[in-house]
Every structure is written in C-alpha cells, then in structure tokens.
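These figures come from a predicted structure and were not determined experimentally.
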Amino acid sequence: MISDVGYGLNSLAHLALLLLLLTVRKPGVAKHLLVVATAATFLWSTSLITSLFGPISLSWLLSIDVVKQLAWLLFLSACIQTNFSNIAAVLKRPITLIIVAPALIALLAPYLLAINPAWSFLVLIVLSLEVLVLLEVVYRQAGREQWAFKPLIIYLGATNLFEFVTYANATMVNQVEIGYIAARGYIYFLLMPLLVISIRRIHHWGIDIFISRDVVLHSSLLLVAGGYLFVMAVVGYAINYVGGNWGATVQIILVVMSFALLATVFLSNAFRTKIKVFITKHFFANQFDYRVEWVKLTQWLTRTGDSSSDVYHAGLTGMLNAIQYESGELFKVNANGYERVAEASPTINATSEAQNRATCATLETLAQYSDKNGWIIDTDAYLVKPFDYEGLKLDRNALKEWGYQLFVPFLKDGGLWGFALLSPGDKEKISLNWEVKDYLTAVSEQVGTYMQHHEAAQVVAENAQFAAFNRMSAFVLHDLKNVLAQVDLILANAQQHKHNPEFIDDTFETLEHTKARMEKMLKQLTDKKAVQEGVDAELLLSDVAKDVVSSRCSGLKPIPKVHVLKETAVIVDKEKVANVFYHLISNAQQATGDDGEVDVVITANSDSDTQLVLIEDTGVGMEKSFIEERLFKPFDTTKGNAGMGIGAYDAKTYIESIGGKLTVQSEPGRGSCFTLHFPIG
C-alpha cells in the first residue's frame, strides 16, 4: 500500500507536467520528445499502482521499465544535437538507432524467445548505464548552458543510478527487492522539481512554464516539514533501538512536540516571509513576480472611492503593498511647498521645533534633488555610501531619526508632482538594487498616473459644470436679445400707430408674451439649468411662419414673403418652432441686401410624409467649408459682439429632436436655402 502512495503522487505530478507541456504551442523536437518521455513515465508510474491494477507480475515490471527507459533514451538522443527539424530526422540518424537498439531488443525478445529474468535484469542495468553515459555527453557539450542542464542531469542521473542499484542487486540475488520497487515512486516524485526547473531554464527548447512563487514557497515548506518529520522519526527510531522499553515513550513525546513546533513554525508570518525572501533571492532571476504584483496593484487602485482623500490613500497603500512595507506618507507639491495628502502608520515624530525644522529641511532637499533627476533615494544607503547620490547633501543626524527608508518621487511633465516616504516598519527592508529601482519606478508611474488622472477628471468635471452654466446663460442671452427686438419693434411703431386700437391690442399681447419669456429666463437662471418643457400641439406651420414674419421680422428689410404650396398639420411645440423660424429668417434678412428677397416656402415632399419649410434668400451665400465646419457649431458667430452663435445650432438641434432634419444649400454670391423637414403623423 505504501508503494501505491508514492506511485500515485508521481503519476499526478507527471500528469500535471504533461498537461503543461501540451499547452505550450511553440513547435520543437525537444518538446515533442519530452512529451513522449513524460507520458511514458506517467503510464509507467500509473501501471505500478497495485490498488488499481492488482499485483504486478515480474514480466510486466520489466517490460514497463524498458518502455520508460526507451522514451528517455530517445529524448536524450535528441538533446545531443539541437538542429533537428522533426522527430523523423532524429530517428533516421544511425547513432539514435544504436542508442535505442538495446531497449528495442529487450522489449521484443520476450515475445520471440524464452528469456531468463536475469538477462532482463542485465539489460536494464545496461540501459541505466547508457542513460548515465548520455547524460555526461549532454552535459559536456552544453558549454555555457551547463547551468541550465544541471537540474536535468541530476534528475535523470539520480533516478537511473537508483535503477542501476536496483537491478544490480536483483542480478546478485536473482530477484527484485520489494523495498527498492516501493521506494521508486517517492524518489521520482521528490526529484521531479529538478526536471521542471531545467525545462524552465533551457530556452532553446521553446518551452515556457510559469512557476508561481507561492507554489515554490508552499513546496519548500512541505519539504521543510518532510525533512523535519524525517529527522524526528530517525531520532525516535534511534532512541527506540538503543533505549529499550522507554524508547516508545520518548517517541510519543517527540512526535507531539514536533507537531506543536511545526505548527508554530508554519503559523509564524516572520518565518514564512524569510523563507519567501530566501527563495526569491536564490531561486528566481527576478525578485518580483511582476504579473501577480501588477494585477494586485491594478485591482487595489480600481477598488477605491471617488474622493481625493480615498484616491491619495489608495495610491500610498498601493506603493506600500508593492514592496510589503507598512508605514508611509504621501506629499503633493503645491505653490507653497508641499502638502501631506495621505498617511499610513507615519513614523515622523517631530516633537520639538528644531526636529520639525530638520525634517522640513530634509524633505525640501530630497524634493529638490528628485525634481532635477527623478531618482528614488534610499536614505539608509545614503548613510553608508553618500557618494552614490552625487550632489545630495543631507543632515545625517536628522536622517537617522526620521524613520523612513525610501523617498519615491511622482513626476508630471518633467517636474515633481509629489513624493512618497516609505518605511518597512517591523518587516524586512529591501535592498535598492537595479531591479527594485526599475520596479518601484514602474509602480510609481502607474500610481502617479492614477492620482493625476483623478485630478484631471475633477478639473474636467468642474469645467463641464461651468460650460453647462455658460451654455445655459448664452441661450438666455439669446432669448433676451429676441425679447429686446420685440420691444424695439413696438417702440419703432408706437409714434405712428399709438392711436390705433388694434396696435394697442397687439402691443399688450406682445408684452404678455414678452413677460412669459422673461419669467422662463428667470427660472432658467434660478435653477441653473435649461428648461426644456414645452407643449406640443397640432398646427399649421404657415400660421407660425406668418406670425413670426409679421410680429418679429417686419422691422428689418427685405420683408419676408410666405408661400404655401402644399401643407399638412404637424405636431410641434409652437414656441420652439417660432424661435427656429425667427433665427433662420432673421439670419437670412441680415445676409441679404434691402433690395434682395427672402422667401418662406411651405410644401411637402413627393411621398407626402414630410412637411418641408424652405427659407430662401438672395444674400451673400456661404462657402461649403463654412457650412461643414462652423455653421452649426455653437458659440461660433460671424457677427462679432452682435451675435451669440447659437441660432442655427438651436434650430438644427430642435428639428433633429422631433425626428426631422435641417439641410442647407448655398453658394457664395447667389444666396442660401435652409430646408426644414418636419415629420407628419
């Protein structure tokens, strides 16, 4: 049963490696043969689990061992030379046939001849020796890549040396020892990490396998636990062997104490941190797992609130989390110096005025230095090697007392936007080598961009509010100008018609309309938003056009003429349509000389599903580029201070809001034609 556990673990490990290899899309002979060897080892290990397949016969044991060795021999034959284009090229080489010939003979011979098991033991010894010889050849020809191949050599060398001992012993006693067979699964399983490390190191194979630092950490802790329990078991066995009856008692005590101590070690965060730092320093080319760290930083920054204090605190915490530090402060540079905007367990404790001045002087000096070159400054390193920071002069006594190790600047447009002060607190300090500098620079750029984008978004939001208010004010002023035009029209005709009762009635009606418009504008200014309410009703556009011409456009020449050719009632807001007509007709009048013509033609399209209103003039006309780029652009006017530049824009916006459209045809010197399309029904 104990052998099944070892072979089961080995099967699962090789199955996981096989799946990883199958996910690698890069082609390569080494990859394909490694897949074959890994699959053969997986099948070999699985077939030896007695709880699944029952007792293992000697013939099956020998055959499956030969198959496994054949697969690895084929793989090593491809490693001797690296310029193969495909597997067929490997198999055609004479040396490959010589290498695999003993294994093929041992595999086929039992089916053709009656073979004594002793000969099979001898063949397996030869195959093990053959693997060891090939490993030496591969290692010697690796040259500069010997470091990469070394784990592979150790893995295959150790396993095949064990195979050699197993079958050498079987040759001497004429049987395979059960203990050797039971141990093989565990040996292959425990040595397998060496194979994975070698696969990851040898780049020309084209096999990229990612090993998580957390996986390595937990695997290392398991190895520590296994080694610890092994030592305790040996001690207990020795005491039991030497001490006689009292050895069992000591064993029990040691086992209980060992589990208690082991639990204490595993629950110790300091121990786990030291192990992780040791693994990072000695087993990985990069100190940080950049993919994991970048995802963590991004997730942290996207979980924050919308207020500035939340954003600044998230930026500082993101910096601290990136290097597993505990304390820090975030400062933002402003016109009066710098301002603290976030803090996390701050360590600056200026209790006296002198200490406060020294701290401020230190910050000022660091800020000015980083503003010039953008450097990250390690104050601990400065105390030891100040010449590494050429031109930086700090008060060493003040620096020893202020408690922060790292000064990390945030840059914007080539200047200093702010900076963070970071301290490890009770955790281990990191050494500011080139990799840490590059890593912190990238993190600070990400965090700085995040905070600066938040500030920019706030400015944009405030500007949008001001723009909305200004836009609303422009519409109010535009309406006020129209009201003033109505009042001017009344005053212009007052002397001539003041004794005419009909004029008096029209005047009061106009004043009532003017009062309503003024109240609406006042409401707009009070509520600080445009009032969009309106009343839609079914009406004839010719009536609206005639009313606008007679009441609002008759004081300016040329007097517009309204022509009704074909008309159907439409559902619109009378006041808004009147404003649209007034804007376009008055613009046509201003663009046309007194001797010119302005016509308002009301008709329908050929399908009679759209009511058309054509406002034509014989004025100066417009360039095509002006129509496309400026005519309907709000607040863009050719009238100087006399216009607001929103008449045409307002007309187009309203027509489109009811499902219609506004088109323009114009030619310089020959006039213009605005066509309004009103949907019917």
Next on the checklist: Could you check whether any side-chain heavy atom of Ile56 comes within less than 4.5 Å of a side-chain heavy atom of Ile64, counting everything from C-beta outward?
Outcome noted: no
Item to check | Within-4.5 Å side-chain heavy-atom neighbours: Pro55 and Thr50 | outcome: no
Next on the checklist: If we ignore hydrogens and angles and just use 3.5 Å, is the side chain of Tyr7 paired with the main-chain N or O of Ala182 as donor and acceptor?
Outcome noted: no
Next on the checklist: Test your reading of the model: is there a side-chain donor-acceptor pair from Tyr450 to the backbone of Leu301, 3.5 Å cut-off?
Outcome noted: yes
Checklist entry - Which pair of heavy atoms, one from Leu191 and one from Ala158, lies closest together, and at what distance? => result CD1-CB, 3.5 Å
Checklist entry - Looking only at heavy atoms, which two atoms of Ala420 and Leu330 are closest? And how far apart? => result CB-CD1, 4.3 Å
Next on the checklist: Could you check whether any side-chain heavy atom of Ile430 comes within less than 4.5 Å of a side-chain heavy atom of Gln324, counting everything from C-beta outward?
Outcome noted: no
Item to check | Asp380 side chain near Leu432 side chain, heavy-atom distance below 4.5 Å | outcome: no
Item to check | Flag for Gln69-Asn160: side-chain donor and acceptor within less than 3.5 Å | outcome: yes
Next on the checklist: What I want to find out is whether Asp65 reaches Arg184 closely enough, with some N-O distance under 4.0 Å, to be called a salt bridge.
Outcome noted: yes
Item to check | Thr41 side chain near Trp72 side chain, heavy-atom distance below 4.5 Å | outcome: yes
Next on the checklist: A side-chain contact here means heavy atoms from C-beta on lying under 4.5 Å apart; do Pro424 and Glu326 qualify?
Outcome noted: no
Item to check | Nearest-0.5 Å distance that lies between atom CG in Asp378 and atom NZ in Lys385 | outcome: 11.0 Å
Item to check | Leu297 and Gln446: CA distance, side-chain angles, deciding distance, side chain to side chain contact (heavy atoms under 4.5 Å, CB included) verdict | outcome: CA-CA 9 Å; Leu297 177 62; Gln446 174 81 352; 3.9 Å; yes
Checklist entry - Are any side-chain N or O atoms of Tyr167 and backbone N or O atoms of Ser120, one a donor and one an acceptor, separated by less than 3.5 Å? => result no
Item to check | Side-chain touch Ser3/Ile181, heavy atoms, less than 4.5 angstrom | outcome: no
Checklist entry - Would you call the rings of Trp375 and Tyr369 parallel, tilted or perpendicular, where under 30° means parallel and over 60° means perpendicular? => result perpendicular
Checklist entry - Which residue, Leu124, Ile125, Val176, forms the side-chain contact (heavy atoms from CB on, under 4.5 Å) with Thr166? => result Val176
Next on the checklist: Whether the side chain of Thr38 engages the backbone of Val35 through a donor-acceptor N/O pair (distance < 3.5 Å, no angle test) should be reported.
Outcome noted: no
Item to check | Side chain Gln452, main chain Leu411, donor-acceptor under 3.5 Å | outcome: yes
Checklist entry - Taking atom CG of Leu161 and atom CD1 of Ile154, what is their separation to the nearest 0.5 Å? => result 12.5 Å
Next on the checklist: If you compare all heavy atoms of Ile49 against all heavy atoms of Gly8, which two are closest, and at what distance to 0.1 Å?
Outcome noted: CD1-CA, 3.8 Å
Next on the checklist: Leu135 vs Leu76, test: side chain to side chain contact (heavy atoms under 4.5 Å, CB included). Steps then yes/no.
Outcome noted: CA-CA 8 Å; Leu135 288 176; Leu76 289 174; 3.9 Å; yes
Item to check | Side-chain donor/acceptor of Glu445 to backbone N/O of Ala442, under 3.5 Å | outcome: no
Checklist entry - Quick one: does Tyr180's side chain have a donor or acceptor within less than 3.5 Å of a partner on Ala170's backbone? => result no
Item to check | Over all atoms of both residues, closest heavy-atom pair of Leu127 and Ala103 | outcome: CD2-N, 3.7 Å
Item to check | Worked check of side chain to side chain contact (heavy atoms under 4.5 Å, CB included) between Ser444 and Val447 | outcome: CA-CA 5 Å; Ser444 64; Val447 173; 5.8 Å; no
Checklist entry - Going through the distances and angles, do Met319 and Tyr325 end up as a side chain to side chain contact (heavy atoms under 4.5 Å, CB included)? => result CA-CA 8 Å; Met319 291 293 303; Tyr325 272 22; over 6 Å; no
Item to check | Taking every non-hydrogen atom, the tightest pair across Glu329 and Tyr404 | outcome: OE2-OH, 2.8 Å
Checklist entry - Is Ser198 reaching over with its side chain to a backbone N or O of Leu195, donor-acceptor style, under 3.5 angstrom? => result no
Item to check | Phe419/Phe410 aromatic ring centres below 6.0 Å | outcome: no
Next on the checklist: Between Thr379 (side chain only) and Gln405 (backbone N and O only), is there a donor and an acceptor less than 3.5 Å apart?
Outcome noted: yes
Checklist entry - What distance do Leu9 atom CG and Tyr188 atom OH have between them, rounded to the nearest 0.5 Å? => result 16.0 Å
Next on the checklist: Between Glu163 and Lys68, is the salt bridge (Lys or Arg N to Asp or Glu O under 4.0 Å) condition met? List the steps.
Outcome noted: CA-CA 12 Å; Glu163 297 284 356; Lys68 173 179 67 68; 3.6 Å; yes
Item to check | Donor-acceptor pair, side chain of Tyr382 and main chain of Arg396, under 3.5 angstrom | outcome: no
Checklist entry - What pairs with Phe42 under side chain to side chain contact (heavy atoms under 4.5 Å, CB included), at least two apart in sequence or on another chain? => result Ser11, His14, Leu15, Thr46
Next on the checklist: Quick one, Ile323 and Leu406 - any side-chain contact, counting heavy atoms below 4.5 Å?
Outcome noted: yes
Item to check | Distance in Å, Ile377 CD1 paired with Phe407 CZ, rounded so as to fall on 0.5 Å steps | outcome: 6.0 Å
Item to check | Atom pair CG (Leu440) and CG (Leu422), whose distance is rounded to the nearest 0.5 Å | outcome: 7.5 Å
Checklist entry - Just how far is it from atom CG of Leu152 to atom CG of Leu194, taken to the nearest 0.5 Å? => result 9.5 Å
